[in-house]
> 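What follows is a single structure, and I will ask about it in a moment.
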Protein chains: 2
Amino acid sequence: MSVTSSPFWSEAVTRLSPYVPGEQPRGEKLVKLNTNENPYPPSPRVAHALAGDAHLEALRLYPDPESLSLRKAIAGQFDLVPEQVFVGNGSDEVLAHAFYAFFKREQPLLFADITYSFYPVYCQFFEVPFRTQPLCQDFSFDVDALAGAAAEAGGLIIANPNAPTGRLLGLADIENLLEAYAHRVVLVDEAYIDFGGESAAQLIDRYPNLLVVQTLSKSRSLAGLRLGYALGDPALITGLNRAKNSFNSYPIDTLTQVVAEAAIGDRDWLDDCTGKVISTRERVSERLAALGFDVVPSAANFVFAQHGKVAAAEIYAGLRKAGVLVRHFDKPRISNFLRISIGTDAEMDTFLGAVERLLGDL
Amino acid sequence: MSVTSSPFWSEAVTRLSPYVPGEQPRGEKLVKLNTNENPYPPSPRVAHALAGDAHLEALRLYPDPESLSLRKAIAGQFDLVPEQVFVGNGSDEVLAHAFYAFFKREQPLLFADITYSFYPVYCQFFEVPFRTQPLCQDFSFDVDALAGAAAEAGGLIIANPNAPTGRLLGLADIENLLEAYAHRVVLVDEAYIDFGGESAAQLIDRYPNLLVVQTLSKSRSLAGLRLGYALGDPALITGLNRAKNSFNSYPIDTLTQVVAEAAIGDRDWLDDCTGKVISTRERVSERLAALGFDVVPSAANFVFAQHGKVAAAEIYAGLRKAGVLVRHFDKPRISNFLRISIGTDAEMDTFLGAVERLLGDL
């Protein structure tokens with residue numbers, strides 16, 4: 001049923017153009033390289049945490065509204081204290097609260113013209129004015145332009161590494177931006193940081209305007225769990241809690257608190273899984289380049305590439321027919337690019353084989 | 001750290017007075033009768049659903065964005081179809097999306113002066129104008145006054161049974177209101193309906209303006225799981241999805257989908273647990289009346305009562321000292337009342353014993 005309007009809807013909800021997430025096919029057997037999931041399972045500690053009957057009694061009661069034990073575990077990973085940690089139902093929810101708490105201002109929020117496409121959706125939902133700053137020709141951030149716009153901006157959001165390009169901004173550039181935006185919040189969205197970048201979390205004690213957002217969905221292999229968190233000065237964390245407690249006073253369920261706490265402590269597992277993804281990514285990038293693709297240097301668990309001769313839409317459709325699902329954004333500047341999540345070596349060989357056959361047939 | 005303002009906060013977040021949920025004591029051994037949790041464990045099917053390793057592979061992937069299997073299971077309980085079901089992270093989140101989708105209008109939303117105290121918080125968060133309608137002296141709804149205000153109202157929300165009073169409104173009255181508000185959404189918040197009321201869900205096929213909201217937190221003993229749902233015409237469900245997909249595209253995690261689906265199907269367990277709570281409630285109500293309390297007739301898993309001679313604040317404090325936690329709302333009209341959740345018979349005997357000793361000492 002595709003209802004597009006109703007007299008019962010508010011004007012606000014009628015005006016919205018909601019975010020469209022990548023396809024989650026049901027039933028079909030596909031090599032799924034379209035939503036940047038991790039091809040390796042989560043830490044074995046997750047299974048241990050879920051075993052036993054202790055949860056049954058716990059589920060009867062409301063969860064700890066402060067998620068204190070989980071926040072301590074996250075803080076411990078970054079040499080922070082729990083007062084510097086906020087947790088939410090996935091980093092998408094954490095971002096939503098941040099838009100309300102820090103970016104709902106007269107002045108426009110700034111973000112790149114090519115970045116996570118949920119940012120303008122939040123702006124529409126919370127009536128946050130925004131302005132986009134074009135990336136450079138090679139998709140790198142134009143740091144000087146971003147810094148130069150600080151005086152008139154309501155805030156800055158940087159996805160680092162950026163999505164869907166995969167390009168990384170170094171910490172020296174992040175610091176320049178934090179100084180230029182000293183009067184405004186700079187949100188660094190680090191969903192993909194564990195695949196090759198250095199987290200800005202180490203700068204939190206020096207910059208009260210820095211909010212770092214991370215997720216367990218990618219590097220921790222827990223997309224199904226919906227756990228994201230923000231790290232920052234206690235005043236920013238309090239601001240997020242004020243928004244959260246006016247929307248839903250109980251955000252993280254008991255099972256998620258238990259599983260996330262178990263997973264976050266297993267750094268060896270994290271290093272092992274991200275190491276494998278990085279090495280596969282480098283191999284796939286080289287092979288794609290050899291096949292005539294222009295591959296953007298990636299610090300994430302995906303690559304962003306266009307072919308010199310064959311249109312992205314055509315490759316996307318051909319791969320879909322061959323049982324391989326990648327992501328194609330039909331948007332200005334990037335409509336000829338494909339975003340390919342990094343799977344296991346076997347999955348990527350299937351993908352590369354399908355690409356080769358496809359190019360050979362054309 | 002109690003931060004009350006910050007230059008980084010938006011005006012909107014600075015203005016908020018967030019909801020304060022009931023205390024969740026850590027460590028202390030208390031008879032906990034303050035947040036309306038069910039004293040009996042959830043269905044044994046929950047343990048079965050969580051057993052095994054199938055979840056580990058599933059957790060790696062994003063959950064089904066449509067929660068289709070769970071929505072089918074819920075729909076089946078009410079002779080509805082999945083297109084008439086919306087699911088969220090607890091009914092608090094479902095309510096939040098409903099306020100945005102249906103009540104963000106020029107005309108004020110109407111609700112009772114004494115009801116769930118999160119309603120005005122949502123209004124503040126989403127800038128929804130509202131007006132409260134006084135309950136009658138005995139805390140029953142003034143149906144004529146509510147119906148009479150329909151023409152100038154942006155919508156109506158009825159908690160049924162009402163909280164914190166426990167009073168029930170019959171379906172004939174609900175129908176009168178649905179007819180008076182034919183041009184606006186009437187949201188019936190049925191968090192406590194399984195403890196003695198009849199759900200308005202059976203009216204959905206006749207009233208396109210009816211939205212029924214329920215939760216697994218109370219009657220299903222799953223407060224720790226955070227699962228709530230809305231039932232209504234497909235156009236209303238689409239409106240909720242538009243709001244949700246502009247806030248967080250992945251609302252229900254995989255484990256919650258699995259556990260909730262297992263629990264919702266176990267109607268025998270539901271009937272057994274709610275039956276026990278109802279019988280304990282009736283016994284406790286009679287005993288409290290015999291001890292000099294004025295007890296509001298309750299159709300919920302709590303009773304709302306004031307003593308003829310001793311102040312509620314004094315009884316609250318005395319019970320706290322005796323290790324029994326109940327809820328006291330220091331608000332106009334109800335500051336001399338206590339809300340006492342119904343626990344097991346043993347817990348209620350402890351509570352009643354403590355009350356008797358307290359009254360004897362005074």
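Chain A is the first sequence line, chain B the second, and so forth, proteins listed ahead of strands; every chain is numbered from 1. No experiment lies behind these values; they were computed from the predicted model shown.
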> With a 4.5 Å limit on heavy-atom distance, are the side chains of S249(B) and D92(A) in contact?
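Yes, their side chains come closer than 4.5 Å.
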> Where the side chain of R71(B) meets the backbone of V87(B), is there a donor-acceptor pair that is under 3.5 Å apart?
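No; zero donor-acceptor contacts below 3.5 Å.
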> Ring centres under 6.0 Å, that's the criterion: do F247(B) and F247(A) meet it?
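Yes, the ring of F247(B) comes within the 6.0 Å limit of the ring of F247(A), centre to centre.
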> What part of R105(B) lies closer than 4.5 angstrom to a heavy atom of chain A: side chain, backbone, both or neither?
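Only the side chain of R105(B) comes within 4.5 Å of chain A.
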> One pair to check against side-chain hydrogen bond (donor to acceptor under 3.5 Å, both in side chains): K218(B) and T215(B). What are the steps and the verdict?
CA-CA 7 Å; K218(B) 320 289 185 184; T215(B) 170; over 6 Å; no
> Looking at A96(B), G154(B), P63(B), which has the largest count of heavy-atom pairs under 4.5 Å with chain A?
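Most pairs with chain A among the choices: P63(B).
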> Which one of H183(A), E37(A), R60(A) has the most heavy-atom pairs closer than 4.5 Å to chain B?
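With the most close heavy-atom pairs to chain B, the winner is R60(A).
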> Pick one of side chain, backbone, both or neither for V94(B), based on which atoms fall under 4.5 Å of a heavy atom in chain A.
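Neither part, no heavy atoms under 4.5 Å.
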> Identify which part of F126(B) has an atom lying under 4.5 Å from any heavy atom of chain A, answering side chain, backbone, both or neither.
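Side chain only.
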> Considering only heavy atoms, which portion of P208(B) lies under 4.5 Å from any heavy atom of chain A: side chain, backbone, both, or neither?
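Backbone plus side chain of P208(B), per the 4.5 Å heavy-atom cut-off to chain A.
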> Quick one: does R242(B)'s side chain have a donor or acceptor within less than 3.5 Å of a partner on A101(B)'s backbone?
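A pair under 3.5 Å: no.
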> Name the option with the most non-hydrogen atom pairs under 4.5 Å to chain B; the candidates are R184(A), K244(A), E93(A).
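Max contact count across the listed options: E93(A).
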> Name the region of T35(B), side chain, backbone, both or neither, that has any atom closer than 4.5 Å to a heavy atom of chain A.
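For T35(B), heavy atoms of backbone and side chain both lie under 4.5 Å from chain A.
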> Between D64(B) (side chain) and L68(B) (backbone), is there a donor-acceptor pair under 3.5 Å?
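Flag set: sc D64(B) to bb L68(B) pair under 3.5 Å.
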> Select one option (side chain, backbone, both, neither) describing which atoms of L50(B) are under 4.5 Å from chain A's heavy atoms.
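For L50(B), the contact with chain A is made by the side chain alone.
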> Just so I understand: if I count every heavy-atom pair under 4.5 Å between each of S217(A), A58(A), S10(A), A243(A) and chain B, which residue has the most?
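Sorted descending by pairs with chain B, the first entry is S10(A).
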> Do you know which of L211(B), L236(B), N209(B) makes side-chain contact (heavy atoms from CB on, under 4.5 Å) with L187(B)?
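For L187(B), the side-chain contact (heavy atoms from CB on, under 4.5 Å) test succeeds with only one of L211(B), L236(B), N209(B), which is L211(B).
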> Do any of residues 116-124 of chain A have a heavy atom less than 4.5 Å from a heavy atom of chain B, and if so, which, in residue order?
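So far as heavy atoms go, F118(A), V121(A), Y122(A), Q124(A) are the residues that approach chain B to under 4.5 Å.
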> P41(B), P39(B), P42(B): which one forms the most heavy-atom pairs within less than 4.5 Å of chain A?
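Of the candidates given, the most pairs with chain A belong to P39(B).
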> Sort out for me which of T14(B), L225(B), V185(B), I237(B) touches chain A most, counting heavy-atom pairs under 4.5 Å.
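Of T14(B), L225(B), V185(B), I237(B), L225(B) has the most heavy-atom pairs under 4.5 Å with chain A.
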> Quick one: what part of T256(B) sits under 4.5 Å from any heavy atom of chain A, side chain, backbone, both or neither?
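Just its side chain gets close to chain A.
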> Report the option among A47(A), G88(A), S91(A), G90(A) that has the most heavy-atom pairs separated by less than 4.5 Å from atoms of chain B.
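Highest number of pairs under 4.5 Å: A47(A).
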> I need the residue from L95(B), L227(B), L240(B), L255(B) with the largest number of non-hydrogen atom pairs under 4.5 Å to chain A.
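The candidate making the most pairs under 4.5 Å is L255(B).
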> Return the option, out of F103(A), W9(A), F102(A), with the maximum number of heavy-atom pairs under 4.5 Å with chain B.
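Ranked by heavy-atom pairs under 4.5 Å with chain B, first place is W9(A).
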> A263(B) versus chain A, heavy atoms under 4.5 Å apart: side chain, backbone, both or neither?
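Neither part; nothing is under 4.5 Å.
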> Are the side chain of Q257(A) and the backbone of S69(A) linked by a donor-acceptor contact shorter than 3.5 Å?
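A pair under 3.5 Å: no.
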> Donor-acceptor pair, N248(B) side chain versus N89(A) backbone, under 3.5 Å?
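A pair under 3.5 Å: yes.
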> Can you tell which of S6(B), S5(B), P18(B) has the highest number of heavy-atom pairs within less than 4.5 Å of chain A?
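If we count pairs closer than 4.5 Å to chain A, P18(B) comes out on top.
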> Please check if the side chain of Y40(B) supplies one atom and the backbone of W269(B) the other of a donor-acceptor pair under 3.5 Å.
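Absent.
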> Just verifying a value: how many Å separate L325(B) CG and N34(B) CG, rounded to the nearest 0.5 Å?
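Going from the CG atom of L325(B) to the CG atom of N34(B) covers 4.0 Å.
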> How long is the straight-line distance from CG of N38(B) back to CG of L216(B), given to the nearest 0.5 Å?
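Here the rounded value is 11.5 Å.
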> Parallel, tilted or perpendicular for Y62(A) and Y250(A), by the 30°/60° rule?
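Answer is parallel, since the angle falls under 30°.
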> Looking only at atom types and distance, does a side-chain atom of R226(A) sit under 3.5 Å from a main-chain N or O of D253(B), one as donor and one as acceptor?
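No, R226(A) side chain to D253(B) backbone: no donor-acceptor pair under 3.5 Å.
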> Any donor and acceptor pair, going by atom type alone, linking the side chain of N301(A) with main-chain N or O of N36(A) inside 3.5 Å?
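Yes: the side chain of N301(A) pairs with the backbone of N36(A).
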